[in-house]
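Positions are given from 1, in the same order as the sequence printed here.
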Amino acid sequence: SNTVLARKSSHAAEFGVNPSVIARLYNTSGYVAQHSDNSQAVASFLQQYYSPADLVLFQREYKLLPNPVGNVVGYNDPSSPGIEANLDVQYVMGVGLNVSTWFVSTWELANGGQEDFLLWMVKQINTTNSAWVHSVSYGDLEDTADILYMKRLNVEFMKFGVSGRTLLFASGDNGVDCPSLGAPFRPLWPASSPYVTAVGGAVSLTRAWEDGGGGFSNAFPAPEYQSHAVAEYLAKGTVPSFKHFNASGRAYPDVSAFATNFAVFHNGSRIPVDGTSCSTPTFAGLVSLLNDIQLQRGKKTLGFLNPLLYLKLRGRGFFDVTTGVNGGYASMCDGFQATTGWDPVSGWGSPNFGVLRYLI
């Protein structure tokens, strides 16, 4: 099992990213959600709990209106918080300002000690008022999960998307995860599912994070919605040897956001954290703000984002991340290179809310 978990940053006490930095660079410019039907959720697994006290400190430090988590589903032990859960809650709420937030905790395991994503998803589908946006900073190597389990989960993902829900999964923190020189790259799932939106990592508006997961699924073929974008990418001269990856597989990530030096409150003090576990709740909070605009217009929530991203927007409303290679810090291989347009390092790039709000 190779679970995506936030990790303490190697940059000692360098707090590069906080809610005001995100608001400034992604142009949310203090947009505060208004619609009473708006909602967002953090999915938690592996006994990762969040601390309401740390959330209070975080909101105070960054001059955010005090706002507790509105709904805890499943078990939470605030006396034993995890960095992952604290990060997820603080940033989805620090970006999706004033959106009613759920913490959904699933302790059960599947696939030999991994997260039981299927149990979580079925329970959410059966929750008629389940949140509109779900941030999921967890995943496992695709080749460690049972294919029938994965396919069954895809069916549930499809149902959830049709119901107006958006699923955002972290793309991974080990780059292409190449175990030895010349070996095939190892995709991360559920980010590699064609029915979720995978969020990669960036270190600036133009540069991708070297450890951000991205690549091509070995389990699922490329969905029709992304065929044009992927063909354009594969036609460029910067692609690694095809022996490393399945060029006809579902390609990910779909989008990206900042993933390093996030200031997180944990056990009462501030620590710097890295990971696509940072970019995922950040992007999720921004989708909640877009949903707020939709709801105020009397329109439906955005739901499954990928057709909108690939067929309608095609990069409009995004900062194109054009540099960086995701070999991964410990990798034996070069990874994919970020380039203009869509690429399997940064997806379409990072969100420009000030533009996106007029394009959806």
Side-chain angles (χ1 to χ4, degrees), residues 1-5 40-48 73-74 84 88 102 104-128 130-172 177 186-200 213-226 246 248-255 276-277 280-281 283-284 287 302-307 309:
S1 161
N2 185 11
T3 299
V4 179
L5 281 177
Q40 59 190 9
V42 163
S44 181
F45 299 90
L46 309 173
Q47 298 174 308
Q48 277 277 328
V73 178
E84 178 65 65
D88 291 342
W102 299 44
V104 180
S105 174
T106 305
W107 59 265
E108 292 90 346
L109 302 174
N111 288 308
Q114 297 177 358
E115 307 89 339
D116 195 343
F117 293 117
L118 184 58
L119 178 70
W120 158 74
M121 190 80 277
V122 169
K123 282 186 174 177
Q124 286 305 298
I125 288 171
N126 291 333
T127 304
T128 49
S130 174
W132 295 117
V133 176
H134 293 255
S135 177
V136 193
S137 293
Y138 298 82
D140 303 288
L141 289 172
E142 205 179 60
D143 56 27
T144 65
D146 175 70
I147 187 66
L148 294 176
Y149 182 96
M150 294 161 82
K151 286 181 170 172
R152 169 73 202 283
L153 187 58
N154 273 351
V155 173
E156 304 304 322
F157 284 159
M158 274 189 261
K159 289 185 206 166
F160 209 46
V162 169
S163 78
R165 270 73 182 189
T166 302
L167 287 162
L168 297 154
F169 276 84
S171 72
D177 212 339
R186 294 188 295 183
L188 193 87
W189 166 87
S192 67
S193 165
Y195 305 106
V196 306
T197 299
V199 184
F216 292 73
S217 172
N218 291 319
F220 310 116
E224 181 60 35
Y225 62 74
Q226 72 172 181
N246 169 28
S248 62
R250 166 349 189 207
Y252 71 97
D254 304 297
V255 294
T276 49
S277 300
T280 305
F283 199 91
V287 173
L302 294 174
F304 178 44
L305 286 183
N306 294 8
L309 295 172

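With a 6.0 Å radius and a threshold of 12 heavy atoms from other residues, nucleotides or ligands, E108 has its CD atom above the threshold.
One N or O on the side chain of T276 and one on the backbone of G172 form a donor-acceptor pair closer than 3.5 Å. In this structure, the side chain of N111 engages the main chain of D146 through a donor-acceptor pair within 3.5 Å. Between the side chain of S171 and the backbone N or O of V199, at least one donor-acceptor pair lies under 3.5 Å. Side chain of T166 to main chain of G303: a donor-acceptor pair is present (N/O by atom type, distance under 3.5 Å, no hydrogens or angles). With T144 contributing its side chain and L141 its backbone, the two residues share a donor-acceptor pair below 3.5 Å.
Aromatic pair W120/Y138: ring centres not closer than 6.0 Å. Checked against the 6.0 Å centroid threshold, F160 and Y195 do not count as a close aromatic pair. Close placement of the F169 and F157 rings is indicated, their centers lying within 6.0 Å of each other.
Partner of R186 under the salt bridge (charged side-chain N to carboxylate O under 4.0 Å, His left out) criterion, chosen from D140, D177, D143: D177.
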Item to check | side-chain contact (heavy atoms from CB on, under 4.5 Å) between L309 and T197, intermediate numbers included | outcome: CA-CA 10 Å; L309 295 172; T197 299; 4.1 Å; yes
Item to check | Step-by-step side-chain contact (heavy atoms from CB on, under 4.5 Å) determination, T106 to L119 | outcome: CA-CA 8 Å; T106 305; L119 178 70; 4.2 Å; yes
Next on the checklist: Applying side-chain contact (heavy atoms from CB on, under 4.5 Å) to R152 and V122, what does each step give before you reach the verdict?
Outcome noted: CA-CA 10 Å; R152 169 73 202 283; V122 169; 3.9 Å; yes
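Atoms OH and CD, from Y149 and Q114 in turn, are 8.5 Å apart once rounded to the nearest 0.5 Å. A distance of 11.0 Å separates CH2 of W132 from CG of L302, quoted to the nearest 0.5 Å. Distance CD/Q124 to OG/S163: 10.0 Å, rounded to 0.5 Å. Taking CG of D254 as the reference point, atom CG of L305 lies at 8.5 Å (rounded to 0.5 Å).
Counting all heavy atoms, side chain and backbone alike, M121 lies closest to L153 at CB-CD1, 3.9 Å. Heavy atoms only, all atoms of each residue included: S130 and H134 are closest at OG-NE2, 3.2 Å. The two residues S277 and P281 make their nearest non-hydrogen contact at O-CD, 3.0 Å. The nearest pair of heavy atoms linking A251 to F216 is CB-CE2, 3.6 Å. The heavy-atom pair separating G139 from L188 by the smallest distance is C-CD1, 4.0 Å. The two residues V196 and R250 come nearest to each other via the heavy atoms O-NH2, 3.0 Å.
With contacts defined as side-chain heavy-atom distances shorter than 4.5 Å, the pair Q226/N306 does not qualify. Counting heavy atoms from C-beta on, the side chains of Y252 and F220 never come closer than 4.5 Å. The shortest side-chain heavy-atom distance between V136 and D88 does not fall under the 4.5 Å cut-off.
A donor-acceptor contact under 3.5 angstrom links the side chains of S217 and E142, judged on distance only.
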